[in-house]
Amino acid sequence: MSEPILQVRDLRVEYATPAGPAQAVGGVSFDLAKGEFLAIVGESGCGKSTLLFAVAQLLTYPGRLAGGEVLFDGVDFTTLKPEELRLHRWRDISVVMQSAMNALNPTLTIGAQLTDACKAHTEWSDEKIAQRSAEVLAMVAIDAVHLKSYPFQLSGGMRQRAMIAMALLLEPKLVIMDEPTSALDVVAQRSLMHQVETLRHQLGFAVIFVTHDMSVVSHYSDRLAVMYAGEIVELGPTREVFDRPEHPYSQGLMEAFPSLLGESKQLTGIAGNPPSLVDPPEGCLFAPRCAYANDECRSVRPELIAYGNHQVRCHLVARTRKNDA
Amino acid sequence: MPDAILRVQDLTRLFRVGGFRTRGQLHAIDEVSFEVASGEIVALVGESGSGKSTIARVLAGLYPATSGSFVFEGKAMGRREVRASRGDMPMVFQDPFGSINPVLRVGHALLRSLKLHRPDIKRADRFAEAVALVEKVGLTPGEEVLRRYPHELSGGQRQRLGFAQALASRPSLILADEPVSMLDVSIRIGLLNVMKELRDNEGVSILYITHDLASARYVADRMIVLYAGRIAEEGLTTEVIGSPQHPYTRLLMSSAPDPHLAPTAFEGDDLGEPPKVINPGPGCRFAPRCPLAMDQCVVTTPPMVALSATHHAACYAVKP
């Protein structure tokens with residue numbers, strides 16, 4: 001892997017709840033290389049969006065950073081003051097939110113919102129701003145006439161593409177995307193993924209892409225991280241994780257998708273529900289739902305162990321691997 | 001189909017949209033005809049705005065139809081009939097968090113619907129019947145579940161409860177409007193399996209409304225693909241998935257990501273822009289996006305072409 005642009009080290013996030021702090025993200029570490037596409041998948045409540053918010057330093061009460069480092073190009077974001085962070089936002093790191101309808105200001109035109117961002121972060125002249133705005137919209141196949149359009153005049157797919165255009169405005173090195181396709185139809189979804197992929201190759205930015213639907217990223221991401229109950233349980237090259245998932249949870253997830261064209265077979269899904277994050281079980285967080293869990297799983301929390309470029313958090317995988325070696 | 005329990009004929013629902021100068025008619029569904037036989041799951045597949053939920057809502061009597069009619073269990077359903085027979089065609093909604101009263105125990109709604117729709121059950125037996133219902137959809141132990149409050153149930157459990165409530169009136173048909181799309185992936189399959197079990201064990205038909213072709217293939221016996229308020233293609237699931245004929249069905253199939261297969265080639269010319277359904281002109285609504293569009297397509301609406309006894313597609317490019 002080339003030099004990492006982002007290093008996340010033992011990141012922890014807690015939410016204050018009446019029952020006590022809930023550990024939404026519990027000790028997540030990963031590296032992101034320049035221009036890499038990392039997908040993070042997991043079910044709702046697994047902490048994937050919270051992780052993104054923590055990386056981008058966007059957590060608000062009741063969320064709280066409880067520890068860890070976010071090193072971007074060697075600078076620890078967690079120690080920066082808001083005004084220092086502002087220098088990095090948009091220029092180095094930008095975020096595409098899940099719901100474009102809520103993230104765009106309904107009372108301003110697309111052009112006005114692009115201008116706002118430029119004025120806040122650059123010294124550009126009005127002509128330069130207008131030119132760059134038209135340029136980024138063209139990148140996502142939106143005609144420049146829509147600079148004068150309000151968000152409600154655009155279709156869902158166009159709004160989402162306008163959000164991506166906005167994120168690319170100042171050519172950031174990292175674009176963070178929080179389920180940008182979940183409100184879109186399959187045709188628009190594929191078109192959007194394709195555009196993100198083309199632009200990434202053209203412009204060379206890195207992407208962290210969070211989704212609950214792993215089939216969306218299956219053909220696009222370089223690496224795939226599977227999250228469960230606030231922890232990464234498996235991380236590896238996307239194809240490897242899809243073709244040979246090792247963690248029982250990832251295996252269950254793969255078995256939970258009906259295939260459209262492949263073999264049609266009876267599926268079972270994963271029984272049970274995710275654990276409480278306020279009072280997590282001792283041992284492996286997945287053990288209560290795991291068909292293979294033994295006493296060790298129920299008492300000792302497993303570590304994320306690397307096997308080559310594939311990391312897995314599971315006692316059973318650790319044991320089998322050790323025996324094989 | 002001799003034993004069709006639901007026969008929909010030329011069902012149309014228009015909505016008035018816009019202001020004084022921009023007034024228009026939104027064609028949510030336009031002359032839709034189909035049938036549902038007893039004991040089958042029919043999937044109504046379409047993207048947002050295709051009119052799939054409108055069909056369910058008209059059938060459930062939440063909106064009146066603008067024109068067209070439907071016959072349910074041999075009875076022509078006018079406005080009054082729909083109201084009187086609401087329990088016969090219950091609906092399961094998409095949002096499991098918005099469709100259950102949060103301040104009442106889980107058992108409340110179930111017992112009430114048994115009281116209203118099942119006068120044959122004596123008061124003393126109602127609780128036992130409710131327990132049996134929730135256990136049919138895989139919520140065990142039934143007694144305990146009925147005493148809980150909705151916030152104590154997960155999304156998947158709530159949707160199962162939605163099906164139990166629908167079952168309470170012993171319907172012959174359940175309208176399920178995107179029942180799994182708000183659930184997590186690992187939970188979805190469980191609910192789809194519940195639908196299959198209800199069909200196999202209780203003999204109930206389900207009109208399964210979804211945008212997800214793969215899940216439709218998993219549960220449904222037949223599929224109806226909607227585009228912009230009209231039926232593009234219908235047939236047995238094996239026919240529609242195995243040999244899709246309408247160009248729209250083909251586009252949908254090639255766009256759906258399937259991690260188990262190699263990626264399909266992408267031409268990059270279709271951004272998935274939605275069709276025009278406000279004051280649409282004549283002709284096929286898919287024509288502006290269609291790679292096979294001919295002159296004829298923009299002039300007249302293509303009729304349904306029979307490809308087999310069960311497989312039909314509305315397209316001029318399709319040859320029987």
Side-chain angles (χ1 to χ4, degrees), chain A residues 41-46 140-142 155-158 161 181 183-195 197-198 212-220 228 238-239 241-243 249 252-274 289, chain B residues 45-50 138 153-157 180-194 196 211-220 237-238 241-242 244 248 251-275 289:
Chain A
V41 302
E43 302 182 68
S44 50
C46 75
V140 293
I142 296 179
S155 70
M158 280 168 96
R161 280 183 279 133
T181 62
L184 300 182
D185 297 329
V186 282
V187 182
Q189 174 178 301
R190 186 176 68 149
S191 148
L192 189 98
M193 290 305 293
H194 187 76
Q195 254 156 357
E197 218 16 33
T198 315
H212 67 278
D213 184 355
M214 49 211 300
S215 53
V216 171
V217 290
S218 57
H219 299 312
Y220 298 99
Y228 184 74
T238 303
R239 279 323 318 170
V241 178
F242 269 107
D243 296 340
Y249 176 67
L253 271 189
M254 303 298 160
E255 285 299 305
F257 284 99
S259 169
L260 182 54
L261 296 168
E263 170 192 7
S264 86
K265 54 183 177 189
Q266 186 70 21
L267 302 172
T268 49
I270 307 172
N273 293 299
R289 292 172 81 182
Chain B
V45 187
E47 305 191 352
S48 46
S50 63
L153 302 183
S154 67
Q157 289 172 324
V180 301
S181 61
M182 285 187 60
L183 302 180
D184 276 318
V185 202
S186 70
I187 314 282
R188 276 184 199 173
I189 283 292
L191 206 77
L192 294 177
N193 287 339
V194 166
K196 284 183 168 187
H211 65 278
D212 179 9
L213 272 174
S215 76
R217 179 198 182 201
Y218 183 73
V219 294
T237 302
T238 46
I241 299 286
Y248 175 63
L251 174 69
L252 267 188
M253 300 255 315
S254 67
S255 301
D258 192 331
H260 306 287
L261 299 174
T264 46
F266 183 77
E267 291 81 34
D269 48 0
D270 199 316
L271 298 172
E273 287 304 313
R289 289 169 71 180

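On a predicted model such as this, the values are computed, not experimentally measured, just so you know. Naming convention: chains lettered A, B, ... in sequence-line order (proteins, then strands); numbering from 1 in each chain.
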Under a 4.5 Å heavy-atom cut-off, does chain B meet the side chain of [X], its backbone, both or neither?
{"X": "A/Q266", "value": "both"}
{"X": "A/M193", "value": "neither"}
{"X": "A/T268", "value": "backbone"}
{"X": "A/Y249", "value": "neither"}

Look only at the side chain of A/R161 and the backbone of A/V140, and say whether a donor-acceptor pair between them is shorter than 3.5 Å.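 Confirmed, A/R161 side chain pairs with A/V140 backbone.
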Could you check which of B/K196, B/R217, B/E47, B/H211 has the highest count of heavy-atom pairs closer than 4.5 Å to chain A?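 If we count pairs closer than 4.5 Å to chain A, B/R217 comes out on top.
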Write down the atom of [X], the atom of [Y], and the distance for their closest heavy-atom approach.
{"X": "B/L213", "Y": "A/L260", "value": "CB-CD1, 3.7 Å"}
{"X": "B/V45", "Y": "B/A216", "value": "CG2-CB, 3.9 Å"}
{"X": "B/N193", "Y": "A/L267", "value": "ND2-O, 2.9 Å"}

Taking A/P274, A/P258, A/S218, A/G252 one by one, which has the highest count of heavy-atom pairs under 4.5 Å against chain B?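 So the answer, after comparing A/P274, A/P258, A/S218, A/G252, is A/P258.
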After noting the C-alpha distance and the side-chain angles of B/I187 and A/E43, does the key distance pass the side chain to side chain contact (heavy atoms under 4.5 Å, CB included) rule? CA-CA 10 Å; B/I187 314 282; A/E43 302 182 68; 4.3 Å; yes
